[in-house]
Amino acid sequence: MKKYIPAEVETRWQKKWKETGLYGVDLKSAKTPFYLLVELPYSSGDLHIGHWFAFAVTDIFGRFKRMQGFDVFFPVGFDAFGLPAENAAIKRKLHPQDWTFKNIETMTNQFQLMGGIFDWDHVAITCLPEYYKWNQWIFLKMLERGIAYRGKTLSNWCPVDKTVLADEQVISGKCDRCGADIELKEISQWFLKITDYAEELLWPGSEEVDWPKSVIEGQNNWIGKREGAVIRFEVVTEGQRDKAGEGIEVKENTSKVGSDSFEVRTIEVFTTRVDTLFGATFLVLAPEHPILTKIVPKNNSNEVERYQFISAGKSQVERKEMREKTGVFTGAYAINPISGKEIPVWIADYALMGYGTGALFGDAHDERDVEFAKKYKIPLKPTLVTGKKDRDKLILNLEEVFTGEGILVDSGEFSGMTSAIAKKAIVKKLEEEKTGQAQIQYHLHDWSISRQRYWGTPIPIINCPKCGAVPVDEKDLPVELPYDVDFTPQGKPPLATAEAWMKVKCPKCGGDAQREPETMDGFFDNSWYFYRYLDPKNEREPFDKLRAQKWMPVDIYFGGAEHTLGHTMYSRFFTKFFRDLDLVDFEEYAKRRVNHGVILGPDSHRMSKSRGNVVNPDEEVKSYGADSIRLYLAFIGPYDLVAPWDPGGIRGVYHFLQRVWGLGEKVTSDWLSGDQVRRSSGEKNPDNPITQQPENLHMMHKTIKKVTEDIENIKFNTAVAALMEWLNYLSGKVHAGKVTKVAKESKESKVSGTSDSSDSSDSFVTSVTRLEYEVFLKLLAPFAPHITEELWQELQKHESRSMNHGKEKPKNLNNVFTRPKVAKFIIHDSIHSQPWPKYDPALAQAKKITLVVQVNGKLRDRLPVEAGISQQEAEKLALASDKVQRWIGDANPRKVIFVNDRLINFVI
RNA sequence: GCCGAGGUGGCGAAAUUGGCAGACGCGUACGCUUUAGGAGCGUAUGGGGUAAAACCCUUGGAGGUUCGAUUCCUCUCCUCGGCACCA
């Protein structure tokens, strides 16, 4: 018997598949497009087991769909710009481009080992000018439409990487690349107005969107839509205060001071709780609030400035860890527009400049406000009760802050209203008096895309001293990234040091001008790569519109759970922008999204070189073969599982493949040597008694059904289990055949044990039919493409031999793929071109079932019965059982519950 | 604190209109067969209990609904992921 040597089988078939060009799809002529997408990998160096998990396992899905008759497009590319390349290059004293190109070459070769159906004619590599030209083009379109703009705000600054980061790249106050504490700096940079799409990016509720709930909820939370109101508080000046006196109610219009010395200033405050406005007894401004320069009285300015200085020096993390509230009184007062009361204005860390208006009012129904007020002895006034009776308790006991909605008290004309009604009524009044209005606030901020680094897409702008920021003309794209640049981070963009590159003429006035030295965030590049995959060589436009219409939206998109907030949301934003450009005519770019899990090292920790727990896929391929890795990764657990790599587990599936191999060897050699009657057993002879055996048929159809449905539902692990089960069953038949034969032999002739293995093969003929074996191989083919191809071709050889002898012709199973390439394919019937087996639902249903018998809900017996047994029949059988009788005795069942083909339960 | 996903044998895990808990695999034990390799084949394997049965217990914990709950409801504990002074 030939031995199963995966390396031999796999290299041979990979070569053959490549030569014949069986894989890849003609995007133009495809009739049944299916776009299978996996997040493009970063060109980081070596392919690791995570890449296998992402690509090789999804390849199972792709091959399955292909056998089902779809034209599956499964492209690969590389996310190649960005900090890791730059940092690695600095460390190794290389150029980022050289480092990246080398990695791409290595990874491309490693990808081949997977045996995937990737389309190498449609590769997108983001660091090539032919790709990033279109980044620049998109940027210019955004500029035209006011979606891209230059702005200056407090931004996330990473002191180690020396660049600005987007909010989504800050993880718990730290840089997502290097982990350094993020500082807030006021920096002028390019933004994308993603907030224009905030409302559209909100996922609709309870939709039949096939995206994970965690992504939908996560994005909606991040967008953070809040409905509330903006309220204007007039600031009372020192002069006024002197007249009005402390604590005295300021009558309406007293703040309407028109004289020169009393400039009127307004503080805008956002709140979602207008219902507590009557209880607003102080205002809190963020330390960076710009209005402070206008309202702080001179005698307070030292203290205020000191506090501003201290909080400006704090990083985000420090601010967060300093949970204890701090702040200082500004010396200014403002008027609560609804109550007319004069209240103090404070500044404090806990008011954030980045949210709402950077100012809030403090009241007795917010824990933070209460904590702050208590510390600084600011009076509080509860204005909400849960019910009338609780009022006194709430006022006296500020330990328990009531933050829910309730009934208003001490709130003038609004007293007695519920929060919900009062909110509307108060906003209405504020609007009438022009002291406020309803407003919707989002947590989502505009996306900062400027990076003060080298390895990225140059922003296509020319800064002219006369004309300002002038967009590069479309015909001058791409603005190529120069190679010879000192790219070590110095706090200013490295491109600024490339003097020759920087110097240009202004396209508008023709005068001397300079290029924009900043580059784009890498997330810009990968926000639209899946469009480019469709048309990577297009020189006139980012992609062909008609082609996108045909292939988009992506049918299924696999990727990591960590891309919930950044990548997948940005891609949605780009898609909506493309829709506005009339490039696409749909709203969402992927019909279905599946998050994959993470494979940890054998020690249950994240794989890392420093830990020494990295499983090298190339090594595993050598020992067990790609088929085993694919199968193991599919089998390890649910696809979103986070689980360690188990060296024993891969040996388990390797063992399984060896058994498949063994079965194949036995079965084919048998058919080869068997006579005509035997060879024709199986599907070609429906009268064959073996085929007719209901149990065999049932197992086959049941397995087809299970594997089909499980792959469709991304439940690869149970699909593999079903195949294992069927193999166990089939080998059980072989085993039984062997036993029968040995018994027969010893009975007939007492031949001493010289039976060699090829001899015993006779018995298989009567066990495993050709149909069973073929179907088994087809079902296994997406998981283990190489070994199944090998065994399949072996089988075909035998078929053609019998054909040469003038026996019946094999039916042409090549009817699914009509591509001309396939027609002249030398291995004219690769197993991967076969149609996916179909099952008969009736046969998938078991004929014989085990009926469970319960007494009072407790299992007491199991009865093997025919499916479809009637209740009367079941009752009769069950009552005849001793085990049941023991529990029922002569009691009369009060009630009998009968579930068809499942159980019968006697209640006594 | 908020949002999301989870908690089932020694381990990875199965089990959905509520109906046999633990499929499949790993590991372990015993046996066989070869061998001496860490290979192959077979049997057993949730816990207790028994000579063997019978029987009892068991899906993080406590209640509840039901003839019947891993599954539904209430409360609670824990783990993982995300967000977080968001007014």
Side-chain angles (χ1 to χ4, degrees), chain A residues 171-173 212-222 224 226 228 269-273 276 280 283-284 286 319-325 348-352 354-363 365-369 371-372 441-443 561-562 564-565 595 597-598 604 631-632 635-638 640-653 655-656 658-659 662 706 715 717-728 731 735 849-862 883 886 893-908:
Chain A
I171 312 296
S172 312
K213 201 176 171 187
S214 57
V215 176
I216 291 176
E217 300 284 324
Q219 293 191 354
N220 283 353
N221 274 343
W222 183 254
R226 300 287 146 80
V269 169
F270 175 75
T271 183
T272 55
R273 296 300 302 274
T276 63
L283 289 185
V284 183
R319 272 208 192 184
K320 206 174 288 177
E321 278 163 3
M322 291 274 300
R323 293 302 280 209
E324 167 103 6
K325 305 230 171 339
D349 255 356
Y350 85 93
L352 307 171
Y355 185 75
T357 58
L360 57 93
F361 70 71
D363 63 72
H365 299 290
D366 181 288
E367 287 186 22
R368 295 155 311 206
D369 293 346
E371 186 194 330
F372 187 75
Q441 190 70 41
Y442 298 92
H443 168 256
E562 70 274 20
T564 294
L565 291 187
N595 285 351
V598 180
S604 295
L631 200 59
Y632 172 60
F635 183 58
I636 188 167
D640 57 3
L641 180 82
V642 177
W645 176 271
D646 173 14
I650 187 157
R651 283 196 288 274
V653 295
H655 179 207
F656 166 74
Q658 276 175 328
R659 291 178 61 209
K706 177 83 179 146
K715 289 166 76 177
N717 55 332
T718 47
V720 175
L723 285 168
M724 287 174 165
E725 231 172 309
W726 194 24
L727 179 72
N728 289 346
S731 357
H735 184 67
I849 53 129
T850 305
L851 189 74
V852 170
V853 186
Q854 296 183 337
V855 179
N856 286 337
K858 285 212 179 242
L859 174 76
R860 294 305 176 193
D861 202 3
R862 301 166 218 254
K883 288 179 189 166
R886 201 177 303 149
R894 202 150 46 82
K895 197 168 161 191
V896 180
I897 285 140
F898 179 71
V899 182
N900 232 345
D901 286 351
R902 294 246 185 200
L903 90 161
I904 185 157
N905 182 14
F906 298 95
V907 186
I908 55 170

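On a predicted model such as this, the values are computed, not experimentally measured, just so you know. The sequence lines fix the lettering, A, B, ..., with proteins before strands; numbering per chain opens at 1.
- Base pairing annotation: B:C83 forms a Watson-Crick or G-U wobble pair with B:G1, both donor-acceptor distances under 3.5 Å.
- Taking atom C1' on both nucleotides, B:U17 is separated from B:U66 by 16 Å, rounded to a whole Å.
- Searching all strands for a Watson-Crick or G-U wobble partner of B:U59 with both distances below 3.5 Å returns nothing.
- Put simply, NE2 on A:His655 is 8 Å from P on B:G42, counting in whole angstrom units.
- Here the nucleotide nearest the side chain of A:Tyr355, chosen from B:A87, B:C67, B:G12, is B:A87.
- Residues A:Trp222 and A:His443 form a side-chain contact, since some pair of their non-hydrogen atoms from C-beta on lies under 4.5 Å apart.
- One C1' atom belongs to B:A84, the other to B:G4, and the distance between them is 15 Å to the nearest Å.
- Using a 4.0 Å heavy-atom cutoff across all strands shown, A:Pro638 reaches sugar-phosphate atoms only and no base atom.
- Within the 4.5 Å cutoff, no side-chain heavy atoms of A:Tyr632 are placed close to those of A:Arg651.
- For A:Asn595 and B:G81, the shortest distance from a side-chain N or O to OP1 or OP2 is not below 4.0 Å.
- Within the nucleic acid shown, A:Gly358 comes within 4.0 Å of at least one base atom, counting heavy atoms only.
- No engagement by A:Thr564 is indicated, since no non-hydrogen atom pair under 4.0 Å with the nucleic acid exists.
- Among the protein residues, A:Arg226 comes within range of the sugar-phosphate backbone only, with heavy atoms under 4.0 Å from sugar or phosphate atoms but none that close to a base.
- Nucleic acid contact class of A:Asn717 (heavy atoms, under 4.0 Å, all strands): sugar-phosphate only.
- Here the straight-line distance linking atom OG1 of A:Thr564 with atom CD1 of A:Ile216 works out to 10.5 Å at 0.5 Å rounding.
- Checking B:G12, B:C85, B:A15 against every side-chain atom of A:Lys325, the shortest atom distance belongs to B:C85.
- The interatomic distance linking A:Lys213 (NZ) with B:G6 (P) rounds to 10 Å, in whole Å.
- Nucleotide B:G9 carries a syn base; the chi torsion (O4'-C1'-N9-C4 or O4'-C1'-N1-C2) is within 90° of 0.
- Residue contacts shown for A:Asp640 are absent, as no nucleic acid heavy atom lies under 4.0 Å away.
- Summarising the base pairing, B:U28 is matched to B:A44 through a Watson-Crick or G-U wobble pair whose two defining distances lie under 3.5 Å.
- Here the C1' atom of nucleotide B:C80 and the CD atom of A:Glu562 are 15 Å apart, to the nearest Å.
- With a 3.5 Å ceiling on both atom-pair distances, the Watson-Crick or G-U wobble partner of B:G19 is B:C67.
- Across all strands, A:Lys858 comes closer than 4.0 Å only to sugar-phosphate atoms, never to a base (heavy-atom distances).
- Pairing for B:A39 is absent, judged as Watson-Crick or G-U wobble with the two contacts each under 3.5 Å.
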**Request:** Show your working on side-chain contact (heavy atoms from CB on, under 4.5 Å) between A:Leu631 and A:Val720 and close with a plain yes or no.
**Result:** CA-CA 8 Å; A:Leu631 200 59; A:Val720 175; 4.0 Å; yes

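- Residue A:Gly218 is classed as having no contact, given no heavy-atom separation below 4.0 Å to the nucleic acid.
- At a threshold of 4.0 angstrom between heavy atoms, the contacts of A:Ile897 include nucleobase atoms, whether or not backbone atoms are also involved.
- Look at the P atom in both B:A52 and B:G46: the space between them is 16 Å, to the nearest Å.
- Distance A:Phe656 CZ to B:A39 C1': 20 Å, rounded to the nearest Å.
- Looking at heavy atoms from C-beta onward, A:Val907 lies out of side-chain contact with A:Val896 at the 4.5 angstrom threshold.
- With both ends at atom P, the span from B:U58 to B:G48 equals 15 Å, rounded to whole Å.
- Side-chain atoms of A:Gln854 come within donor-acceptor range of the base of B:G19, with a qualifying N/O pair under 3.5 Å.
- Spacing of C1' atoms, B:G63 relative to B:G12, comes out at 33 Å, to the nearest Å.
- Rounding to the nearest 0.5 Å gives a distance of 10.0 Å between CD1 of A:Ile636 and CG of A:Asn717.
- Nucleotide B:G18 holds its C1' atom 11 Å from the CG atom of A:Leu903, rounded to whole Å.
- Distance from the side chain of A:Val907 is smallest to B:C67 among B:C67, B:G12, B:C85.
- Rounded to whole Å, the C1' atom of B:G6 lies 14 Å from the corresponding atom of B:A13.
- Nucleic acid contact for A:Lys715: sugar-phosphate only, since backbone atoms but no base atoms lie under 4.0 Å from a heavy atom of the residue.
- Interatomic distance, CZ of A:Phe270 versus CZ of A:Phe361, reported as 10.5 Å (0.5 Å rounding).
- Residue contacts for A:Arg886: at a heavy-atom cut-off of 4.0 Å it reaches the sugar-phosphate backbone alone, with no base atom in range.
- For the atom pair A:Asn905 CG and A:Leu859 CG, the distance stands at 10.5 Å (nearest 0.5 Å).
- Between the CG atom in A:Asn595 and the CD atom in A:Glu562 there is a gap of 8.5 Å [rounded to 0.5 Å].
- Remark: the separation of the C1' atoms in B:G31 and B:C80 is 43 Å, to the nearest Å.
- For the pair A:Lys325 and A:Tyr350, the cation-pi test (distance below 6.0 Å, angle within 45°) is passed.
- Closest approach to the A:Arg659 side chain among B:C85, B:C41, B:C20 is made by B:C41 (side chain taken as heavy atoms from C-beta onward).
- An OP1 or OP2 oxygen of B:C56 is reached within less than 4.0 angstrom by a side-chain nitrogen or oxygen of A:Arg860.
- The residue among A:Glu217 and A:Lys895 whose nearest nucleotide of RNA chain B lies closer to the 5′ end is A:Glu217.
- Among B:A23, B:G4, B:G25, the nucleotide with an atom closest to any side-chain atom of A:Asn728 is B:G25.
- Nucleotides B:U70 and B:G18 place their P atoms 13 Å apart, quoted to the nearest Å.
- At whole-Å resolution of the value, CE in A:Met724 and C1' in B:G12 are 12 Å apart.
- Each of A:Val653 and A:Gly857 was matched to the nucleotide of RNA chain B holding its nearest heavy atom; the match closer to the 5' end belongs to A:Val653.
- Among the heavy atoms of the strands lying under 4.0 Å from A:Leu565 are primed sugar atoms or P, OP1, OP2 only; no base atom is included.
- Residue A:Leu859 places its side chain closer to B:C20 than to any other of B:C20, B:A87, B:G25.
- The separation between A:His443 atom NE2 and B:C3 atom C1' is 13 Å, rounded to whole Å.
- Here B:G68 presents its P atom at 13 Å from CD1 of A:Ile908, a figure rounded to the nearest Å.
- Within the nucleic acid shown, A:Leu641 comes within 4.0 Å of sugar-phosphate atoms alone, with no base atom in reach, counting heavy atoms only.
- In this entry B:G6 has B:C78 as its Watson-Crick or G-U wobble partner, both defining distances falling under 3.5 Å.
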